[in-house]
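These values consider heavy atoms only, across backbone and side chains, with no hydrogens, waters or symmetry-generated copies. Counting convention: from 1, in listed order, for ligands and their atoms alike.
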Amino acid sequence: MAKTKPAISAIGVLTNGGDCPGLNAVIRAVSKTAIMQYGLTVFGIEDGYLGLIQNRMRLLDTADVSNILTQGGTIIGTSNTANPFGFQLTVNGKDSIVDVSDMAIRNLKKRGIDALVCIGGDGSQSIASKLAKKGLRIIGVPKTIDNDLFGTDRTFGFDTAVFIATEAIDRVHTTASSHHRVMIVEVMGRNAGWIALHAGTASGADVILIPEIPYDLKTVCKYILRRSRYGKRFSIVVVSEGARPRGGKQISHYDKNDPNFPMRLGGIGQQLAADISQKTQLECRAIILGHVQRGGTPTPFDRALATRFGYEAVRLLMNGCTGCMVALRGDKISSVSLESVAGKQKTIRSSNHLMAAAKAVGTSFGV
Ligand code: F6P
């Protein structure tokens with residue numbers, strides 16, 4: 001990460017990728033710190049990288065970012081398909097993928113924007129890294145409910161998603177118990193099982209299935225049947241959307257016609273319900289929590305983390321830092337180079353302490 005004291009008078013801020021509780025809290029912290037501490041002008045770039053490419057930006061003053069700390073979503077919008085290094089354009093009636101990154105950077109320069117704060121997940125930070133290599137002053141802020149961003153212990157939004165999922169699983173618990181059913185709750189997380197592990201352990205799930213450990217269906221069924229033999233007439237299975245059976249595949253949906261269309265995972269809960277009910281003859285129901293996990297107000301932890309991240313992003317920029325992402329290490333805020341983060345995912349290791357604790361209290365991971 002480069003360090004030369006820049007002359008910065010205006011910055012842009014954008015939110016890119018799937019939304020996440022705490023985005024507005026970061027926008028507020030970035031804008032208020034920039035305006036009130038450093039006397040900067042702030043532009044909100046609309047709909048993430050899409051607005052950067054299409055030159056859609058608006059001034060944000062303190063009134064614009066007032067009263068948004070607790071609000072879910074993002075006041076400046078987001079996009080999870082636009083990529084300045086591979087943008088789909090129709091030229092002479094033909095669809096082509098074009099590198100429009102120079103134009104995107106020019107759009108900033110034309111408005112006098114000297115630096116950019118990019119709030120996003122791994123795809124967004126990879127794009128930020130490439131923009132930084134082109135000379136744009138840029139700082140990343142790690143966002144995602146999945147907590148799978150490399151280089152930081154935590155992303156903001158994760159705590160809220162875990163809270164929502166835990167509350168939902170608690171509710172499922174009571175109805176499972178009344179009807180003596182096996183309830184399968186599918187949570188988000190892409191290729192990382194962080195939400196399943198944390199919410200599953202917090203709600204006392206009997207089985208937790210994560211992408212990092214392909215499960216054995218027989219083991220899962222044996223475990224559930226053993227519970228019912230001991231008089232436990234219901235079971236709760238928390239499954240991550242990216243989980244798959246041993247030797248099997250993840251359930252995914254992909255649009256081959258759009259190279260920027262992200263792969264979507266989902267549906268393993270339904271499949272598991274069918275498989276478990278067929279093998280155990282027990283009544284099963286599947287629930288997909290889906291985007292509920294991303295909506296609504298952030299938890300106090302996420303509000304505070306988002307505020308720390310936003311403040312730090314501006315502080316780093318003003319200290320001459322560029323090409324880096326703010327990060328949480330333990331309880332300390334630090335930073336890592338965007339290059340070291342790009343293209344990597346943080347998944348659960350077999351030595352994870354929470355997983356060991358969950359196993360110690362009898363939770364099955366399906367193996
Ligand atoms: O990365 C966040 C996330 O919510 C994932 O957990 C999930 O797989 C994906 O986004 C869903 O994205 P979309 O908004 O495209 O449905």
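An N or O contact shorter than 3.5 Å links Gly189 to ligand 1 by distance.
Hydrophobic clustering (side-chain heavy atoms under 4.5 Å, transitive across Ile, Leu, Val, Met, Phe, Trp, Tyr) keeps Ile8 apart from Tyr311.
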Worksheet item: Do Lys134 and Ser101 pass the side chain to side chain donor-acceptor pair (under 3.5 Å) test, and can you show the C-alpha distance, the side-chain angles, and the key distance before you say yes or no?
Response: CA-CA 9 Å; Lys134 292 200 127 197; Ser101 54; 3.0 Å; yes

Practice prompt. Evaluate the side chain to side chain donor-acceptor pair (under 3.5 Å) criterion for residues Ser129 and Ser126: first the C-alpha distance (whole Å), next the side-chain angles of each, then the deciding distance (0.1 Å), finally the verdict.
Written response: CA-CA 5 Å; Ser129 173; Ser126 295; over 6 Å; no

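At a 4.0 Å heavy-atom cut-off, ligand 1 touches Arg264 through the side chain alone.
Asp302 and Thr160 form a side-chain donor-acceptor contact under 3.5 Å, judged by distance and modelled atom types alone. Counting only N and O atoms by type, the side chains of Asp47 and Ser79 include no donor and acceptor under 3.5 Å apart.
Residues Asp148 and Arg190 are paired through a salt bridge, judged by an N-O separation under 4.0 Å between the basic side chain and the carboxylate.
When the heavy atoms of Asp122, Leu149, Asn191, Asp146 are ranked by distance to atom 1 (O) of ligand 1, first place goes to Asp146.
Not close to ligand 1: Leu265, with no non-hydrogen atom less than 4.0 angstrom away. Ligand 1 lies nowhere less than 4.0 angstrom from a heavy atom belonging to Gly121.
Within ligand 1, the atoms closer than 4.0 Å to a non-hydrogen atom of His291 are 13 (P), 14 (O), 16 (O), numbered from 1 in the order shown. Numbered from 1 in the order shown, with element, the atoms of ligand 1 that lie under 4.0 Å from a heavy atom of Asn80 read 15 (O).
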